[in-house]
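Notes for the one structure printed next.
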Amino acid sequence: MTYELPKLPYPYDALEPYIDARTMEIHYSKHHAGYVNKLNAALEDFPDLHAKPIEELLQNLNAVPEEIRTAVRNTGGGHANHMLFWKNMAPGASDKPSGTLADAIVQSFGDFDAFKDRFSSTASGHFGSGWAWLVLDGSGGLKVLSTANQDTPLSDGLKPILTIDVWEHAYYLNYQNRRPDFITAWWNVVNWDQVTQLYETFLG
Ligand code: MN
């Protein structure tokens, strides 16, 4: 058993003009694939761990043997984070959440625009490489936060439903240093149906 790079749910050019095909191709086929390959190499001598979903290892990093813990945190995080990121996007998606998630966002942030502002400023203000997230906490409330490098909120007992990659490799070819412009464009391709579905799955 080895971890596999899942097929991208749309062609490389599907998210243009917001995310260009070249960025998608390199991001998916080099960066994400690289994390999967390094994760498999790190776990080569640990077949028991290999059999588990990567999210399960990240939820309990202390149970991972110390000699490969950092590798699982970094490369396993890289694998899990990118899987969510690809699924969170789709061409021609609806521009707002609906139903239960729309209500929960209003309850936690006041209104949708206030949530969007909070998420965007968290993503643009994150120092260095990392990710911004919308997560469910233990009591079912929604929170916005960012993590460094490939760290995931899963490791803090939270349930991530929406994420944006703010590593420079996610936007530099098209947006160079203008991370806020990438974030503004990214809202156009958020797949709210998928985010809502994930939210409802986590609520149970
Ligand atoms: Mn990335």
Side-chain angles (χ1 to χ4, degrees), residues 2-43 53-55 57-59 61 69-91 93 119-135 144-156 158-191 194-195 198:
T2 54
Y3 292 106
E4 278 176 22
L5 182 66
K7 206 170 147 20
L8 200 64
Y10 35 75
Y12 291 138
D13 64 358
L15 306 179
E16 291 207 358
Y18 308 109
I19 303 182
D20 64 283
R22 183 85 176 121
T23 296
M24 284 299 299
E25 181 177 2
I26 294 171
H27 200 171
Y28 170 79
S29 71
K30 305 292 182 200
H31 291 277
H32 188 176
Y35 288 121
V36 174
N37 292 340
K38 285 178 189 156
L39 176 63
N40 285 327
L43 291 190
I54 190 59
E55 290 83 1
L57 300 187
L58 294 164
Q59 274 166 344
L61 279 171
R69 195 175 298 155
T70 300
V72 169
R73 178 176 170 180
N74 291 338
T75 63
H79 179 35
N81 296 348
H82 286 95
M83 282 198 285
L84 180 61
F85 182 55
W86 308 137
K87 281 191 279 186
N88 277 165
M89 300 186 287
F119 191 98
S120 293
S121 62
T122 300
S124 61
H126 178 83
F127 183 75
S129 298
W131 298 74
W133 304 86
L134 175 64
V135 303
V144 166
L145 55 94
S146 68
T147 58
N149 303 315
Q150 294 296 352
D151 286 351
T152 162
L154 286 169
S155 303
D156 295 319
L158 300 164
K159 293 167 178 170
I161 60 172
L162 175 67
T163 192
I164 183 171
D165 189 341
V166 296
W167 284 58
E168 284 187 343
H169 68 230
Y171 60 85
Y172 209 85
L173 281 182
N174 198 35
Y175 295 96
Q176 295 83 45
N177 60 315
R178 292 172 282 118
R179 187 194 285 181
D181 290 354
F182 163 62
I183 296 163
T184 301
W186 170 80
W187 286 114
N188 290 286
V189 293
V190 172
N191 182 358
Q194 188 269 341
V195 181
L198 198 51

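Remember, it's a predicted structure, so these values are computed and weren't measured experimentally. As the structure lists them, so they are numbered: ligands from 1, and atoms in each ligand from 1.
Surrounding CZ of Arg22 are at most 12 heavy atoms belonging to other residues, nucleotides or ligands under 6.0 Å away.
Closest N/O/S atom of His82 to the Mn ion (ligand 1): NE2. Taking the N/O/S atoms of Asp165 in turn, the shortest distance to the Mn ion (ligand 1) belongs to OD2.
Between the side chain of Arg179 and the backbone N or O of Ala123 there is at least one donor-acceptor pair closer than 3.5 Å. Of the possible polar contacts, one joining the Ser155 side chain to the Leu58 backbone as a donor-acceptor pair under 3.5 Å is found. In this structure, Trp167 contributes its side chain and Asn149 its backbone to a donor-acceptor pair below 3.5 Å.
The Mn ion (ligand 1) has His27 among its coordinating residues (N/O/S atom, backbone or side chain, under 2.8 Å).
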